[in-house]
Amino acid sequence: MDDWTLYQLTGDPAYIQSFRRKRALKHAAMGGSFLGLAVVSTGLVMTEVTSNRPGQQSFVPPNLPKKALAATALGCALGAGLSWWKSRDFVGSFIVPSGLKDEELAESPETQPTAAATKKRTF
């Protein structure tokens, strides 16, 4: 079972912390790789556009690896931070089904509208 399911069943805070940590790491890897690839591909496209000038033979711009590494680190930090911040809403929310069928819920007296709620307003 995954950590989210175990948290839903037990309510143990260790499971929700593990879930949030794993989610943040996944989003950090995804955000960092996307931002790093975006910087590299943009830099290489701009090099191909400007390489028709005489005297330029370099295929890779000199600062591209540094910029790509910095963008990857920034993407990792942003992805992990935003994921951790957004997953705080999950703490304390339990979405375990009640075990009752929909027909049983519709027939129960708690879900039936009261007479005051069904009375139409007249102006």
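The first residue of the sequence shown is numbered 1, and numbering continues consecutively from there.
One hydrophobic cluster, built from ILVMFWY side chains closer than 4.5 Å, holds both Leu9 and Ile16. Residues Leu82 and Trp84 do not share a hydrophobic cluster, clusters being chains of Ile/Leu/Val/Met/Phe/Trp/Tyr side chains in contact below 4.5 Å. The hydrophobic cluster containing Met30 does not contain Phe19, counting ILVMFWY residues as joined when their side-chain heavy atoms lie under 4.5 angstrom apart, directly or transitively.
Note on residues 75-89: no pairs pass salt bridge (charged side-chain N to carboxylate O under 4.0 Å, His left out), not counting sequence neighbours. Sorted by first and then second residue, the side-chain hydrogen bond (donor to acceptor under 3.5 Å, both in side chains) pairs involving residues 70-83 (not counting sequence neighbours) are His27-Ser83. Each side-chain hydrogen bond (donor to acceptor under 3.5 Å, both in side chains) pair with one or both residues in residues 30-39, not counting sequence neighbours, would appear here, but there are none.
Taking the side-chain hydrogen bond (donor to acceptor under 3.5 Å, both in side chains) definition, one finds that Arg23 meets it with nothing, sequence neighbours left out. In terms of the side-chain hydrogen bond (donor to acceptor under 3.5 Å, both in side chains) criterion, residue partners of Lys22 (sequence neighbours excluded) are, by chain and number, Asp3. The side chain to side chain contact (heavy atoms under 4.5 Å, CB included) check on Leu69 picks up nothing, with sequence neighbours excluded.
Taking Ile, Leu, Val, Met, Phe, Trp and Tyr as hydrophobic and joining them when side-chain heavy atoms fall under 4.5 Å apart, one finds Leu78 in a cluster with Leu35, Leu74.
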List the atom pairs, donor and acceptor, that lie under 3.5 Å between side-chain atoms in residues 36-43 and the rest of the protein, sequence neighbours left out.
residue	atom	partner	partner atom	Å
Ser41	OG	Leu37	O	2.9
Ser41	OG	Ala38	O	3.1
Thr42	OG1	Ala38	O	2.7

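Contact annotation: the side chain of Asp2 never approaches that of Leu6 to less than 4.5 Å [non-hydrogen atoms, C-beta and beyond]. Looking only at side-chain heavy atoms (C-beta outward), Thr10 and Tyr15 come within less than 4.5 Å of each other.
Rounding to the nearest 0.5 Å places OG of Ser87 at 8.5 Å from CD of Gln17.
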